2 protein chains.
Amino acid sequence: MKLSTKGRYAVTAMLDLAIHDHEGPVTLADISQCQGISLSYLEQLFAKLRKEGLVEGVRGPGGGYRLGRPASQISIAEIINSVDENIDVTRCLGNKDCQGGEKCLTHQLWEDLSSRLYAFLDDLTLASFINRPEIREVSRRQDTIASRIATMFPPRPARVGANISASC
Amino acid sequence: MKLSTKGRYAVTAMLDLAIHDHEGPVTLADISQCQGISLSYLEQLFAKLRKEGLVEGVRGPGGGYRLGRPASQISIAEIINSVDENIDVTRCLGNKDCQGGEKCLTHQLWEDLSSRLYAFLDDLTLASFINRPEIREVSRRQDTIASRIATMFPPRPARVGANISASC
DNA sequence: TAATTCCCGACTGAATTACTCAGTATATTA
DNA sequence: TAATATACTGAGTAATTCAGTCGGGAATTA
C-alpha cells in the first residue's frame, strides 16, 4: 500500500468518470484540461487502470473512457494499487528469519497496520463518494444544462453536453 | 497524507522504541542492524521525528532514543506526516477557482477522502499495536532473558539487556 | 477521406530515496 | 583525564520515481 500524488490523480480521474458516467464516455483531454494533468501522463495512468479492468476505452470521435464496472464495485484501494505499484515488502517477510530465526516483530506489526489500512480503503467505493447529497446536487445542475442543450442537438447529445459541463 | 517506504521505516522504528521503552534508550545502531536500514538514513529520519517531539535523544554511552510521549499518545498519522512531507495540495483548493469559478468537485471529494484517511490513521496509536496479547508475549520473553542477565551485571543492566534482546 | 479519440513506446529533466562520508558535541567509564 | 559510545549535522551521490514531452499508430465516426 503506497500513496502519492500519482494515486490521487488516478482517484480524482476515476471520480470524474463516475460522476459523468451516464453521459457517455469522458475523454482524457477533458480530464487533462479540467484537473491540470498532462494528457500523456493520464494516458499512462489509464493504461494501468485499463489493465486492471477498472476502465474501458472507446475509440474514435465521441469516444473516451468509462468505468469498467459499476461505481459501487470499484474501491479506492483498487485504484491506488493499480497505479502506485506496491511498496517493496520488508526483507524478512516470507522467508521468516529477519535477524535470529525468530520472525521479526515490528515487521509483523507493520503488516498488521498495512492490512488494516487496505481494508479501510477497500471499503470505500466510488459510489460511496458520489452518492452524497451535495454531490448529487451539483451533478444534477450540470445535467439540466446538458439535457437542455441535448434537445437542441439530437444526434450526439452526450458529447455536446460533456463539453459544456466540463467545469469540473 | 502521503505514504511510502520512508513512512514505513519511521513507523517500524517507532514501534521498536515503543516495545523496548521500559528497557531504556534504544540506539539507532540497533534499529539499523535489526531492520536493515542504513544508520545515517535513520539519523535523518530521527532528526525529523525529534523536531516534532515524537522522540528524544540521549547522548553518550548507554544513550539512544526514547519516545517523546507515552505510546498511547503517538498516532501513526503523526509519525508518517513528520517524515513524509505532505502531498502538494490540489491547485484549485484554497483559491476557489479550479476551472470556471465553481469550486472543483473532484478535488472536494479528494479532500474528503484524505481527511477520512487521516482520521483513521490518527486513531491508531503505537500503544494500540504493542498492547495486543501476542506482542506482549514476545516482549515478556525477551524481558525475562534481559532481567536474568541484568542481575548478573548490576551497574547498567538496561544496556547489556538491550544488546541481548536485539533480535527484533 | 478527414477528424477524433484511444493506444503505445522511447526519451527527459526534476525531484525524491536511500545511502555514504566526514565530521562535531555530549555523556559515560576506565 | 583519556578513551569510547552515542547523538547530531551537513555535504555529496547513485538509483529510482514522477511527471511530462514527443512521435507515432489503430480504431471509429462523419
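Note that the structure is a prediction, hence the values are computed from the model and not measured. So you know, we letter chains A, B, ... as the sequences are listed, proteins then strands, and number each from 1.
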Rounding to an integer number of Å, can you tell me how far R66(B) CZ sits from dA27(C) P?
13 Å
Quick note, salt bridge (charged side-chain N to carboxylate O under 4.0 Å, His left out) partners involving residues 36-53 of chain A, not counting sequence neighbours, are K48(A)-E85(A)
Who passes side-chain contact (heavy atoms from CB on, under 4.5 Å) against Q44(A), sequence neighbours left out?
Y41(A)
I'd like a list of close polar pairs between nucleotides 12-17 of chain C and the protein, N/O only, cut-off under 3.5 Å.
residue: dT17(C); atom: OP2; partner: K6(B); partner atom: NZ; Å: 2.9

Give the intermediate values and the outcome of side-chain contact (heavy atoms from CB on, under 4.5 Å) for residues L49(A) and S82(A).
CA-CA 6 Å; L49(A) 293 172; S82(A) 66; 3.2 Å; yes
Could you check how far NZ of K48(B) sits from P of dA18(C), rounded to whole Å?
11 Å
Between the side chain of D16(B) and the main-chain N/O of T12(B), is any donor-acceptor distance below 3.5 Å?
no
Among dA19(D), dT4(C), dA5(D), which nucleotide sits nearest the side chain of Y9(A)?
dA19(D)
Set of residues satisfying salt bridge (Lys or Arg N to Asp or Glu O under 4.0 Å) with respect to D112(A), sequence neighbours excluded:
R116(A), R132(B)
Going 5' to 3' through nucleotides 7-13 of chain D and flagging B where a protein heavy-atom sits under 4.0 Å of the base, S where only the sugar-phosphate is that close, and - otherwise, we get SBB-B--
Establish, from distance only, whether the side-chain atoms of D84(A) and S4(A) form a donor-acceptor pair under 3.5 Å.
yes
Roughly how many Å is it from CG in L42(A) to C1' in dA19(D), rounded to a whole number?
11 Å
Table please: side-chain donor-acceptor pairs of residues 59-80 of chain B below 3.5 Å, with sequence neighbours left out.
residue: R66(B); atom: NH1; partner: E56(B); partner atom: OE2; Å: 3.4
residue: R69(B); atom: NH1; partner: Q73(B); partner atom: O; Å: 2.6
residue: R69(B); atom: NH1; partner: E78(B); partner atom: OE2; Å: 3.4
residue: R69(B); atom: NH2; partner: E78(B); partner atom: OE2; Å: 2.9
residue: S75(B); atom: OG; partner: E78(B); partner atom: N; Å: 3.2
residue: S75(B); atom: OG; partner: D122(B); partner atom: OD1; Å: 2.7
residue: E78(B); atom: OE1; partner: S75(B); partner atom: N; Å: 3.1

Who pairs with F120(B) by ring pair (Phe, Tyr, Trp, His ring centres under 6.0 Å), at least two apart in sequence or on another chain?
F120(A)
Could you state the atom-to-atom distance from CG of L17(A) to C1' of dC6(C) in whole Å?
13 Å
